[in-house]
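Lettering follows sequence order; numbering is per chain, from 1.
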Protein chains: 4
Amino acid sequence: MAVMTKEAVLKEYRIRELMEAARRVIGRHGFEGTTIDRVAEEAHVAKGTIYLYFSNKEDLLHAAVFEGLRSMIDETRRSDRTDLPPLERLRAFVKGQFEIQSSNQDFLKAFFLESKFVTFEPGDERGEALRSLYTEHLDFVATILDSAVRAHLFRSIDPQFCAYMLTEMMTGCLRRRLLGLVETPIREDAELVLDLFLRGTVATHGA
Amino acid sequence: MAVMTKEAVLKEYRIRELMEAARRVIGRHGFEGTTIDRVAEEAHVAKGTIYLYFSNKEDLLHAAVFEGLRSMIDETRRSDRTDLPPLERLRAFVKGQFEIQSSNQDFLKAFFLESKFVTFEPGDERGEALRSLYTEHLDFVATILDSAVRAHLFRSIDPQFCAYMLTEMMTGCLRRRLLGLVETPIREDAELVLDLFLRGTVATHGA
Amino acid sequence: MAVMTKEAVLKEYRIRELMEAARRVIGRHGFEGTTIDRVAEEAHVAKGTIYLYFSNKEDLLHAAVFEGLRSMIDETRRSDRTDLPPLERLRAFVKGQFEIQSSNQDFLKAFFLESKFVTFEPGDERGEALRSLYTEHLDFVATILDSAVRAHLFRSIDPQFCAYMLTEMMTGCLRRRLLGLVETPIREDAELVLDLFLRGTVATHGA
Amino acid sequence: MAVMTKEAVLKEYRIRELMEAARRVIGRHGFEGTTIDRVAEEAHVAKGTIYLYFSNKEDLLHAAVFEGLRSMIDETRRSDRTDLPPLERLRAFVKGQFEIQSSNQDFLKAFFLESKFVTFEPGDERGEALRSLYTEHLDFVATILDSAVRAHLFRSIDPQFCAYMLTEMMTGCLRRRLLGLVETPIREDAELVLDLFLRGTVATHGA
DNA sequence: GATGAATGAGCGTTCATTCAT
DNA sequence: AATGAATGAACGCTCATTCAT
């Protein structure tokens, strides 16, 4: 167990608070509308205080976004039902994702619709960090799909590609709502996505 | 035919030029990096001139984005192969979409990864315009899918939903490249997307 | 003759105005107390305007200092009495220097007592520019001294070194006033400096 | 002997330590680059501690500068060779000054090239303190010169004025190096300065 | 109509100073 | 007495917008 001094605990707490405030501001005003002033006000802290914990605005926003995504991904991982047979495990995963996404709507709204944090040039440390976070998540999804392939429950598909497509389908469902294209509760899409992803669209005549 | 005065023609021409310049700047510098100065320079026009044709920066950028998307969608519409049987028509559509997307990468990069133009509050006129542009496009895609359903080539799916999912899968493929997650040419994804969309992932035992 | 457009003339005029305002602010508040806001106010111009003519604060201040010194040095050069015999020429030069210095007291006060503009690292372009401006001035002074050496009016001294010392003695006299060490009018020092510089302190017994 | 409580001794010790740390930081980073943070770090002390011993930054820096100069002047006084005949005494003084200056280059660099501590308004207590420190030093130098005058070794010069000029010549030599105008070791200038100060520049024909 | 010089609100950041512990 | 986290005024700089020419 990591032993922490009281100061270190407090510091970590402050950092977390600031990142949460940043995420709230991002959710409310978008990335473009997120200023140090607003984050400071949201965190009930003076402007200068932020610079005691983050070296600049970009650092703060990156950390806030990164941690936001990481906690969502961690939650996904934790709720993986490896005990279930592959298809049930996949269904549980998809349902879980929809749950997680719908509890993080505000933050994801800005992230999906405006994020410029993944556009960093190749070689940029922060961009790479986000990319690899995402890549690891995709690898995890691919693992689930691969287990279905190995069990001959899936035809011989490319798990990486399909993991990415499945993810896009799910985030797409959220995006559809965030854009105001539909108003039905997002959870209802889970079954539709699963159905499409599993069975496709083509009729199987004479099956 | 609408009769236009010489002035109106000139005005329309200027507007078009400015929007094109804006789109080039967006493609090159992203939304955040798009300043009135840069657009003016790109359009070989003085800064103040822009304000003769657009009431402010947001107006210009919205119009530029709107027109950019509209021309892509128009092109899609024009190349619709209603003469082909539904599945072939769909294949042609998907291939066409990948072509169109890959010829507009720079602009779409900014649009997908950074755009905040779709986040406008409900009631915002410009947001509504973009929304309905997109909705119409989805309706068009749904029409294609519906023709397959009616021909009993597709099982009984929700064409609207599937149209949205198909669109997300395609834009997802572009996004994957823009994020630097894969480096293969985007056109190669067309068949993969079609295959997944049509057949799903589940093995059809005993078929 | 250089032909200038009306715009170029105006631009040069503005630049000159801004540099003069900067010099006045420097004279009044010192370098440390010179802010862009104050210069803008002094020049009756908005803050942003300064950045149309200078790329940043350092640029402005350097230019202001450089031009301030250059015009003093130019004036010195212009009033050089090459027509007089060496010692008379030197006397005229010293008197002239005292005049010039006393008409630029405010600016020189900051420059002598606070200047950090000559401390730039070797290789820094602006520091070099100032250094070579000063070096050229010293060379000019050395020329005068050298003419006296060649005429055997001076003993065999090092003109470069003595030029520097003479300059220091003169600026020292100004500094003495700026520091408030003495209050007599600075012009009175001219003869004293000349006397010391020419004859030294040692008594010439039996002469 | 002044009797001091243990606390007073400690306090004095702390004050001295802080001033020394300040001087080191000034020498390393210049006045502009001297922050309370840096001084605190250099003194291995918390930021707030400084304010227990100095009421503000200006106080600290002034005290540090004052003490720095005072110790140099004290050293000068201590090494005065009253036992030697006037001209030898003066020669020893000049040599000693060059020694002292060259062992305090870092600090003097900042002081000569950047200091604004002497520009304080008339009436300012700190400015006055520095002024009178300097005046006393000049008086001391004048004493030496006066002894030469009285011994008829010097012609009838103004000892105060010449003391100031001699001082300026010596600091000028250091300044010349700090500005990077020459690179020769500073001690070599001692003889040149003495020669010029004593004999002046004019040839003494037929003497 | 077209220009581009001028504007000034607003931003990110620094740092001397305070004060609860 | 000593700390250092917290503060917020002040700075340099950007850029959308205006308006006299």
salt_bridge([X], [Y]) N-O dist < 4.0 Å:
X	Y	result
A:E58	A:R126	yes
B:D37	B:K47	yes
B:E41	B:R38	no
D:E128	D:R131	yes

Rounded to whole angstroms, how far apart are [atom1] on [X] and [atom2] on [N]?
X	N	atom1	atom2	result
A:D59	E:dG12	CG	P	14 Å
C:L10	E:dA5	CG	P	9 Å
D:E17	F:dA2	CD	P	11 Å
C:L61	F:dC11	CG	C1'	13 Å
C:L60	F:dG12	CG	C1'	12 Å
D:F54	F:dA1	CZ	C1'	16 Å
C:I50	F:dC15	CD1	C1'	16 Å
B:F31	F:dC15	CZ	P	17 Å

Short side-chain N/O contact to E:dA6 OP1/OP2 from C:R14, under 4.0 Å: yes
Counting only side-chain nitrogens and oxygens, does B:Y53 get under 4.0 Å of the OP1 or OP2 atom of E:dA2? yes
What stems show up for DNA chain F when you take Watson-Crick pairs (N1-N3 plus N6-O4 or O6-N4) and G-U wobbles (N1-O2, O6-N3), both under 3.5 Å, and require three or more consecutive pairs? E:2-21 with F:2-21
Counting only heavy atoms not in B:R28, do more than 12 fall under 6.0 Å of its CZ? yes
Contact check, side chains of D:V45 and D:E17, non-hydrogen atoms, under 4.5 Å: no
Contact between D:E32 and C:F31 at the side-chain level, heavy atoms closer than 4.5 Å - yes or no? no
Are there any protein N/O atoms within less than 3.5 Å of an N/O atom in nucleotides 13-17 of chain E, and if so, which ones and at what distance?
from	atom 1	to	atom 2	distance (Å)
E:dT13	OP2	A:Y51	OH	2.6
E:dT13	OP2	A:K57	N	2.7
E:dT13	O5'	A:Y51	OH	3.3
E:dT13	O4	A:K47	NZ	3.0
E:dA16	OP1	D:K57	NZ	2.9
E:dA16	OP2	D:I36	N	3.0
E:dT17	OP2	D:Y51	OH	3.0
E:dT17	OP2	D:K57	N	2.8
E:dT17	O4	D:K47	NZ	3.1

As an exercise, state the distance from CZ of D:R23 to CG of D:L18, rounded to the nearest 0.5 Å. 11.0 Å
Sort out for me which residue in B:L60, B:L61, B:D59 forms a side chain to side chain contact (heavy atoms under 4.5 Å, CB included) with B:K57. B:L61
